[in-house]
Amino acid sequence: MTTASKFLYLCLGSVFSLAWTFVPAQAEDVSYVLVTPSRIGVNKFLGLGKTGIEKAAEAQGVKARIFEGTDPSTRRQNVQAAIDMKAPIVAVMGFEFGDIVADLAPENPETKFIIVDTCISEAPENVYCAVFREQEAAYLAGAEAALTSASKTVAVIGALDIPFLHRYTDSFAFGAKAARADINVLPTSWIGGDNPFQDPVRAQTQAALQLSNGADRIYAVAAGSNGGVFKAVAEKEGAMAIGLDVNQCGDAPGAILDSTLKRVDVVLPATIDSILKGSAKPVVSFGLAEGGLQLLATDDDVASSGCTIAGKPEVIARIKDMQAKIISGEIAIPDPMAQ
């Protein structure tokens, strides 16, 4: 081999060697991105999303990145940033991202978008919606409230009178009456105002009114306003509330009967797995059967939940039986949004 040939051989070898080392580095840079509508902070619901994306990323040997929004502008910027970094999976949480995904998804067909807890009409083929059958967990919450009520009167407080929240309020009443024929379900109290999802003062006032009308169990369906409901029941002997979306029993120890959970930490990995396998559907609804929803009373570890329902095994047994019948189809719960 001539000196020139040797030199060319060595140069080509170096190029191939560099190419070989660059490929794994690119693979390691792959990230699944979760974009939240606000800071996670102490928001347990958004925290479940963080756990979910981390589980999915770990299962695939890639990184998980969290982009936290603060307002409409930063939410859009964060979704665009995830696209620009070539993230193959971009998950967003909440209705706040509906218009953003509708605008950006068609322009970026190589990116798979997951919207958790809502959906958009005429979604592009690269958009997948993971939604919940909230009425199933709310039905169990109503039954539990009725079975534990000493005053035979229960109530539910919602943030705003919109069709979606009737999945909680109407189904709570349905479950309460199914569990106990003599139960009195007070008319739903709506917080309203300028910021119904973040107004604990108005929520406390509404809860105090329901308590004065005889309710000793209140289902709090008001997100950031729930703290006001919890404060009101904590000040009323014998009264208890049921929390929403995450375990809120620690927010007012002794005054929270239970909580209905949206298991985003289960839903996100399941949705991503189906996308990677090519079996994902445009819209997937998660309920009790899929493990997407849960009443903490049915958890095997309810004793460590901090919820007072843990001390009522006979009620838990009834609730578990009802849950099994919902899963089997023996109990059919109508969707208020479909009425």
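If you're wondering where the values come from, they're calculated on a predicted model, not measured in any experiment.
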Peer 1: Indicate yes or no: does Arg133 engage Glu136 in a salt bridge with an N to O separation below 4.0 Å.
Peer 2: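 So Arg133 pairs with Glu136 through a salt bridge.
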
Peer 1: Please name the residue in the list Thr298, Leu257, Leu296, Ile319 that meets the side chain to side chain contact (heavy atoms under 4.5 Å, CB included) test with Ile309.
Peer 2: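 Result: among Thr298, Leu257, Leu296, Ile319, Leu257 is the only option passing the side chain to side chain contact (heavy atoms under 4.5 Å, CB included) with Ile309.
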
Peer 1: What pair of heavy atoms forms the shortest contact from Gly254 to Met240, and how long is it?
Peer 2: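 Closest approach of Gly254 to Met240: O-CE, 4.0 Å.
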
Peer 1: Quick check: does any side chain N or O of Asn108 sit under 3.5 Å from a backbone N or O of Glu110, one acting as donor and the other as acceptor?
Peer 2: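 Side chain of Asn108 to backbone of Glu110: no pair is present.
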
Peer 1: Going by salt bridge (charged side-chain N to carboxylate O under 4.0 Å, His left out), name the pairs with one or both residues in residues 186-197, residues two or more places apart or in two chains.
Peer 2: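 Qualifying pairs, neighbours excluded: none.
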
Peer 1: Regarding Glu144 and Thr148, do their side chains bring together a donor and an acceptor under 3.5 Å, going by distance alone?
Peer 2: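 The criterion, which ignores hydrogens and geometry beyond distance, is not satisfied for Thr148 and Glu144.
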
Peer 1: Taking side-chain hydrogen bond (donor to acceptor under 3.5 Å, both in side chains) as the cut-off, I'd like each qualifying pair that reaches into residues 263-284, sequence neighbours left out, listed once.
Peer 2: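 Found Arg263-Asp265, Arg263-Gln294, Asp273-Lys277.
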
Peer 1: Looking at Arg76 and Asp103, does any basic side-chain N land under 4.0 Å from a carboxylate oxygen?
Peer 2: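 The answer is yes: the pair qualifies as a salt bridge.
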
Peer 1: Do the side chains of Glu134 and Lys262 get close enough for a salt bridge, i.e. N-O under 4.0 angstrom?
Peer 2: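 Salt bridge between Glu134 and Lys262, a charged N being under 4.0 Å from a carboxylate O: yes.
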
Peer 1: Kindly say whether Val33 contributes a backbone atom to a donor-acceptor pair with the side chain of Ser31 at under 3.5 angstrom?
Peer 2: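 No, Ser31 side chain to Val33 backbone: no donor-acceptor pair under 3.5 Å.
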
Peer 1: Pair Ile326, Tyr139 - check side-chain contact (heavy atoms from CB on, under 4.5 Å), show working.
Peer 2: CA-CA 10 Å; Ile326 293 171; Tyr139 179 97; 3.9 Å; yes

Peer 1: Are the side chain of Thr169 and the backbone N or O of Thr188 linked by a donor-acceptor pair below 3.5 Å?
Peer 2: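 Not a single qualifying donor-acceptor pair exists.
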
Peer 1: I want to check something: taking the side chain as every heavy atom from C-beta on, are Ile331 and Gln323 in contact at a cut-off of under 4.5 Å?
Peer 2: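 No - every pair of side-chain heavy atoms lies 4.5 Å or more apart.
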
Peer 1: Look at the side-chain heavy atoms of Ile, Leu, Val, Met, Phe, Trp and Tyr, link any pair under 4.5 Å apart, and say whether Leu48 and Ile272 land in one connected group.
Peer 2: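 Both belong to a single hydrophobic cluster.
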
Peer 1: Are Val221 and Leu160 grouped together when hydrophobic residues (ILVMFWY) are joined by side-chain heavy atoms under 4.5 angstrom apart?
Peer 2: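 Yes; Leu160 is reachable from Val221 via cluster members.
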
Peer 1: Are there over 12 heavy-atom neighbours, none belonging to Asp99, within less than 6.0 Å of that residue's CG?
Peer 2: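 No, CG of Asp99 has 12 or fewer neighbouring heavy atoms, counting only those of other groups under 6.0 Å.
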
Peer 1: Using a 3.5 Å distance criterion without hydrogens, assess whether the side chain of Glu290 forms a donor-acceptor pair with backbone atoms of Gly287.
Peer 2: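 Checked: pair present.
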
Peer 1: Quick one: closest heavy-atom pair of Lys44 and Asn247, and the distance?
Peer 2: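 Closest pair (atom of Lys44, atom of Asn247, distance): NZ-O, 2.8 Å.
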
Peer 1: Is it true that a side-chain atom of Asn126 and a backbone atom of Thr111 form a donor plus acceptor pair closer than 3.5 Å?
Peer 2: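 Checked: pair present.
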
Peer 1: Side chains of Gln206 and Ser189: is there a donor and an acceptor less than 3.5 Å apart?
Peer 2: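 Judged by distance alone, the side chains do pair up.
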
Peer 1: Between Pro163 and Pro336, is any pair of side-chain heavy atoms under 4.5 Å apart?
Peer 2: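 Contact flag for Pro163/Pro336 side chains = no.
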
Peer 1: Could you tell me if the side chain of Ile183 sits less than 4.5 Å from the side chain of Thr153, heavy atoms only?
Peer 2: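 No. Closest side-chain heavy atoms not under 4.5 Å.
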
Peer 1: Asp199 and Ser225: side-chain hydrogen bond (donor to acceptor under 3.5 Å, both in side chains), yes or no, with the steps?
Peer 2: CA-CA 5 Å; Asp199 195 339; Ser225 296; 5.8 Å; no

Peer 1: Could you tell me whether Lys50 and Glu54 make a salt bridge, using a distance below 4.0 angstrom between a side-chain N and a carboxylate O?
Peer 2: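 A salt bridge is present here (some side-chain N lies under 4.0 Å from a carboxylate O).
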
Peer 1: Determine yes or no for a side-chain-to-main-chain donor-acceptor pair under 3.5 angstrom, with Asp258 supplying the side chain and Ala297 the backbone.
Peer 2: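 Looks like yes, one N/O pair under 3.5 Å.
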
Peer 1: Would you indicate whether the side-chain heavy atoms of Ile218 and Ile242 approach each other to under 4.5 Å?
Peer 2: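 No, too far: nothing below the 4.5 Å cut-off.
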
Peer 1: Less than 4.5 Å apart, any side-chain heavy atom of Pro200 and any of Lys231?
Peer 2: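 No; the side chains remain at least 4.5 Å from each other.
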
Peer 1: Report the distance from atom CD of Gln210 to atom CG of Asp216, rounding to the nearest 0.5 Å.
Peer 2: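 Reported value, rounded in 0.5 Å steps: 12.0 Å.
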
Peer 1: With the side chain counted from C-beta on, respond yes when Leu261 and Asp245 share a heavy-atom pair under 4.5 Å apart, and no when they do not.
Peer 2: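 Answer no - side chains too far apart.
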
Peer 1: May I ask you to check whether over 12 heavy atoms, not counting those of Phe95, lie within 6.0 Å of atom CZ?
Peer 2: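 Atom CZ in Phe95 is not crowded, with 12 or fewer foreign heavy atoms closer than 6.0 Å.
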
Peer 1: Are any non-hydrogen side-chain atoms of Val131 and Thr118 less than 4.5 angstrom apart?
Peer 2: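 Val131 does not reach Thr118 side chain to side chain.
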
Peer 1: On a heavy-atom basis, which atom in Ser151 and which in Ala215 lie closest, and how many Å separate them?
Peer 2: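 Shortest heavy-atom contact: OG-C, 4.1 Å.
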
Peer 1: Quick one: closest heavy-atom pair of Asp161 and Trp190, and the distance?
Peer 2: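 Nearest heavy atoms, Asp161 then Trp190: N-CE3, 3.4 Å.
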
Peer 1: Could you tell me whether Lys152 atom NZ has more than 12 heavy atoms of other residues or ligands within 6.0 Å of it?
Peer 2: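 Not buried by this count: 12 neighbours or fewer within 6.0 Å.
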
Peer 1: Given the rule that I, L, V, M, F, W and Y join up when any side-chain heavy atoms are under 4.5 Å apart, are Phe132 and Phe172 in one cluster?
Peer 2: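 Both belong to a single hydrophobic cluster.
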
Peer 1: Would you please test Ile40 and Ile66 for side-chain contact (heavy atoms from CB on, under 4.5 Å) and show each step?
Peer 2: CA-CA 10 Å; Ile40 295 178; Ile66 317 297; 3.7 Å; yes

Peer 1: Looking at Glu237, I'd like to know if its CD atom is crowded, meaning that more than 12 non-hydrogen atoms belonging to other residues, nucleotides or ligands lie closer than 6.0 Å.
Peer 2: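 Result for CD/Glu237: open.
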
Peer 1: Please find the pair of heavy atoms, one from Met93 and one from Pro37, that lie closest to each other, and give the distance.
Peer 2: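 Minimum heavy-atom contact is O-CD, 3.3 Å.
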
Peer 1: Please check: side-chain N/O of Gln135 versus main-chain N/O of Asp335, any donor-acceptor pairing under 3.5 Å?
Peer 2: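 Not confirmed, Gln135 side chain does not pair with Asp335 backbone.
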
Peer 1: State the NZ-CG distance between Lys320 and Asp299, to the nearest 0.5 angstrom.
Peer 2: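 The CG atom of Asp299 is 8.5 Å from NZ of Lys320, to the nearest 0.5 Å.
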
Peer 1: Determine, for Asp182 against Arg180, whether the closest basic-nitrogen to carboxylate-oxygen distance falls under 4.0 angstrom.
Peer 2: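 Here Asp182 pairs with Arg180 in a salt bridge, since their nearest N and O are under 4.0 Å apart.
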
Peer 1: Going by the side chain to side chain contact (heavy atoms under 4.5 Å, CB included) test, name the single residue among Val92, Asn78, Leu34 that passes it with Phe67.
Peer 2: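 For Phe67, the side chain to side chain contact (heavy atoms under 4.5 Å, CB included) check succeeds only for Asn78.
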
Peer 1: Please determine whether the number of non-hydrogen atoms from other residues, nucleotides or ligands lying under 6.0 Å from atom NZ of Lys236 exceeds 12.
Peer 2: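 Counting other residues, nucleotides and ligands, NZ of Lys236 stays at 12 neighbours or fewer.
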
Peer 1: Write down the atom of Cys119, the atom of Val283, and the distance for their closest heavy-atom approach.
Peer 2: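 Closest approach of Cys119 to Val283, heavy atoms only: SG-CG2, 3.7 Å.
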
Peer 1: Return yes when atom CD of Glu58 has more than 12 non-hydrogen atoms of other residues, nucleotides or ligands closer than 6.0 Å, and no otherwise.
Peer 2: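 No - once you tally the heavy atoms of other residues, nucleotides and ligands closer than 6.0 Å, there are 12 at most.
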
Peer 1: Could you tell me whether the side chain of Tyr128 reaches within less than 4.5 Å of the side chain of Lys112, counting heavy atoms only?
Peer 2: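 Lys112 reaches Tyr128 side chain to side chain.
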
Peer 1: Please tell me whether Val266 and Ile115 are part of a single hydrophobic cluster in this structure, the criterion being side-chain heavy atoms less than 4.5 Å apart.
Peer 2: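 Different hydrophobic clusters.
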
Peer 1: Within a radius of less than 6.0 Å around NZ of Lys312, do more than 12 heavy atoms belonging to other residues, nucleotides or ligands occur?
Peer 2: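 Open: at most 12 neighbouring heavy atoms sit under 6.0 Å from NZ of Lys312.
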
Peer 1: Report yes or no: does Asn226 contribute a side-chain atom to a donor-acceptor pair with the main-chain N or O of Ala220 at less than 3.5 Å?
Peer 2: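 It does hold such a pair.
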
Peer 1: Are any side-chain N or O atoms of Ser259 and backbone N or O atoms of Gln248, one a donor and one an acceptor, separated by less than 3.5 Å?
Peer 2: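 At least one qualifying donor-acceptor pair exists.
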
Peer 1: Determine whether a donor-acceptor pair (N or O, by modelled atom type, separation under 3.5 Å) exists between the side chain of Thr74 and the backbone of Thr70.
Peer 2: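 Yes, because the side chain of Thr74 sits within donor-acceptor range (under 3.5 Å) of the backbone of Thr70.
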
Peer 1: Is it the case that Thr260 and Tyr219 place a side-chain donor and acceptor less than 3.5 Å from each other?
Peer 2: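 Side chains of Thr260 and Tyr219: pair found under 3.5 Å.
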
Peer 1: Does one hydrophobic cluster hold both Phe113 and Met85, with members joined at side-chain heavy-atom distances below 4.5 Å?
Peer 2: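 Phe113 clusters together with Met85.
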
Peer 1: Mind checking the NZ-CG spacing from Lys177 to Asn184? Nearest 0.5 Å is all I need.
Peer 2: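 Reported to 0.5 Å precision, the distance equals 8.5 Å.
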
Peer 1: How many angstroms lie between atom CE of Met337 and atom CG of Leu165, to the nearest 0.5 angstrom?
Peer 2: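 Answer rounded to 0.5 Å: 9.5 Å.
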
Peer 1: Hey, is CD on Glu125 packed in by over 12 heavy atoms from elsewhere, all under 6.0 Å?
Peer 2: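 12 or below, so no.
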
